[in-house]
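Everything below concerns the one structure shown next.
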Amino acid sequence: MAHTEVDSSLPIVWRDSADPKDYEEARVGRVFNQRRPQRFPIAVVLAETDSHVLQAVQLANKLDCRVSVRSGGHSWAAWSVRDNAVLIELGKLKHISVDKEAMIASVSPSTTGQMLNDTLSAEGLMFCGGHCPDVGLGGFLLQGGMGWNCRNWGWACENILALDVVTANGEAIHVDAKENSDLLWASKGAGPGFPAVITRFHLKIRKQIPAMLSSTFLYPIARYDEVMNWIISITPSFDSSTEIVAVSATPPGIDQLCIIPLFVTFQESDEECRVALQQANSTRPEGYLIEEVNKRTSLAKEYKDQANANPHGHRYCAENGYVKNDVDVAEVLKKAFTTLPTSKAFALWYAMAPCSRRELPDMALSMQSDHYFALYTIWKDEKDDDRCQAWVREIMKEVAPQCEGAYLGDSDFQVRQTKYWTDDKARTLMKLRNKWDPAGRICGYLDHGDQAGVAGLLNNDEWCNGY
Ligand SMILES: Cc1cc2nc3c(=O)[nH]c(=O)nc-3n(C[C@H](O)[C@H](O)[C@H](O)COP(=O)(O)OP(=O)(O)OC[C@H]3O[C@@H](n4cnc5c(N)ncnc54)[C@H](O)[C@@H]3O)c2cc1C
């Protein structure tokens with residue numbers, strides 16, 4: 001098909017005719033991870049309207065090639081960049097509207113958590129988007145979404161009420177609990193295997209929480225055993241509106257690896273916050289380097305801290321697992337937390353109970369445990385690629401057998417696959433992919449060699465020799 005046959009109003013950058021700089025910017029300019037993939041779409045559609053998305057999918061059908069999608073560009077493994085696909089870049093498709101009475105926000109998928117909360121906070125409202133300010137709601141919600149106060153408020157995707165999508169065969173349809181409801185089910189946890197292109201999410205929002213305080217304690221990493229066992233032991237009885245995290249990192253100005261328990265509480269008043277944090281403040285082990293107790297915080301401040309911890313312009317390798325509830329979690333994670341390969345890298349344990357102990361609504365997302373563990377390995381120079389990735393692999397060889405499965409959001413199926421869903425949900429999801437996209441038009445899961453196609457993932461443990 002000649003390029004001239006394409007509607008001239010469609011903003012499209014062709015690989016074979018664009019200025020190479022423009023093509024490169026369109027291909028990876030909005031990809032967060034600087035470890036750029038050697039994969040090349042045939043064209044990138046810089047969609048500004050729903051109609052551009054529709055045209056792009058119809059074009060891919062005419063060309064008989066695949067479609068890939070980019071919302072916020074924060075997939076660690078750059079799932080949006082695929083060989084010989086039409087890449088639909090949604091960065092310029094911008095929409096946020098709020099129905100305060102119905103408590104519903106309608107957003108385009110490239111809207112970030114911070115953009116949405118900036119709009120909502122003016123109305124005294126909020127949404128439990130991702131912790132990092134610039135993660136796109138598109139990829140985040142499809143994967144489930146570990147958003148603000150996830151252990152108590154549940155998965156962000158539970159708040160998806162409806163969607164507007166373009167199907168793989170190029171039709172614009174509405175999806176909700178009554179119409180095309182199986183796609184609504186899939187949107188809550190299918191991740192990059194969702195078999196359509198979403199142009200709008202309709203989300204349930206909540207009232208803004210009036211008070212947020214945090215307590216943070218920094219210990220030298222030599223105290224790992226005691227500190228980690230302490231935070232794990234107090235979690236089951238801790239206030240249920242408090243996020244509980246342990247991170248190992250090298251904080252600027254401290255310049256040594258530390259183990260850092262962090263508690264952020266969301267309450268109706270400062271007094272309630274102080275009461276909630278008391279259990280941590282009064283039982284934390286002695287011997288800390290720094291403690292910050294009952295410190296006033298806000299979403300804006302937390303976004304800033306997260307952005308500092310995940311700097312732009314760096315190379316990243318993320319990995320993760322849901323550690324089994326009945327193992328010695330501190331022991332299983334010890335090597336990961338104490339041997340980080342760069343001073344920017346960090347390891348994270350995130351308390352998921354009580355969310356992990358309740359029955360989840362019927363949706364694709366179905367894998368969880370009380371203990372979420374993730375590695376965020378961060379470095380600047382390409383020369384460190386092999387060393388850093390080898391470290392991640394070595395750690396995961398030991399940790400993975402102690403895990404139930406993993407979260408799609410911090411996974412790379414080119415390297416390792418495991419269970420992302422319970423077996424019954426995985427079977428239903430792969431059937432739905434086949435129903436809605438039998439030709440494999442939408443790229444789907446990027447496994448080693450990009451072979452997964454319509455069949456999707458096996459939902460089994462496997463190392464894929466990705467690097
Ligand atoms: C710095 C950083 C911080 C993070 N923090 C969190 C966090 O706090 N909680 C959490 O749960 N996760 C977090 N993540 C993981 C994040 O949720 C995933 O990487 C997610 O994929 C990012 O979404 P995106 O839209 O920005 O990514 P993209 O790379 O744009 O999208 C990823 C993939 O999702 C699919 N997709 C996206 N949009 C659409 C659409 N409109 N229609 C159909 N398919 C679509 C496509 O397959 C696409 O390739 C973080 C990631 C980074 C890099």
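Computed from heavy atoms alone, side chains included, the values below leave out hydrogens, waters and symmetry copies. Every number for a ligand or one of its atoms is a count from 1 in the order of the listing.
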Check your understanding: For the residue pair Phe238 and Phe263, does the interplanar ring angle fall in the parallel (under 30°), tilted (30 to 60°) or perpendicular (over 60°) class?
Key -> parallel
Exercise for review: Would you mind telling me which of Leu90, Leu203, Leu116 makes a side-chain contact (heavy atoms from CB on, under 4.5 Å) with Thr111?
Suggested key: Leu116
Review point. Once the angle between the rings of Tyr445 and Phe413 is folded into 0 to 90°, is it parallel (under 30°), tilted (30 to 60°) or perpendicular (over 60°)?
Key: perpendicular
Review point. Could any protein non-hydrogen atom be found less than 4.0 Å from atom 43 (C) of ligand 1?
Key: yes
**Study point:** Shortest protein contact, atom 31 (O) of ligand 1 (heavy atom only)
**Key:** Gly139 CA, 4.1 Å
Check your understanding: Any non-hydrogen atom of Gly73 lying under 4.0 Å from ligand 1?
Key -> yes
Point to revise | For atom 21 (O) of ligand 1, the option (of His74, His314, Gln143) bearing the nearest heavy atom | key: Gln143
Check your understanding: Within less than 4.0 angstrom of ligand 1, does Ala196 place any heavy atom?
Key -> yes
Revision key, fill the gap. Quick look: Tyr316 vs ligand 1, heavy-atom contacts under 4.0 Å, and the answer is neither
Check your understanding: Do the rings of Trp76 and Phe32 sit parallel, tilted or perpendicular, given the 30° and 60° boundaries?
Key -> perpendicular
Review point. Of all the heavy atoms in Tyr376, does at least one lie under 4.0 Å from an atom in ligand 1?
Key: no
Revision key, fill the gap. Restricting to heavy atoms, the pick from Ile88, Leu142, Val31, Asn320 nearest atom 45 (C) of ligand 1 would be Leu142
Revision key, fill the gap. Heavy-atom proximity to atom 50 (C) of ligand 1 ranks first, among Leu408, Val165, Val135, for Val135
Review point. Is the centre of the Tyr322 ring less than 6.0 Å from the centre of the Tyr372 ring?
Key: yes
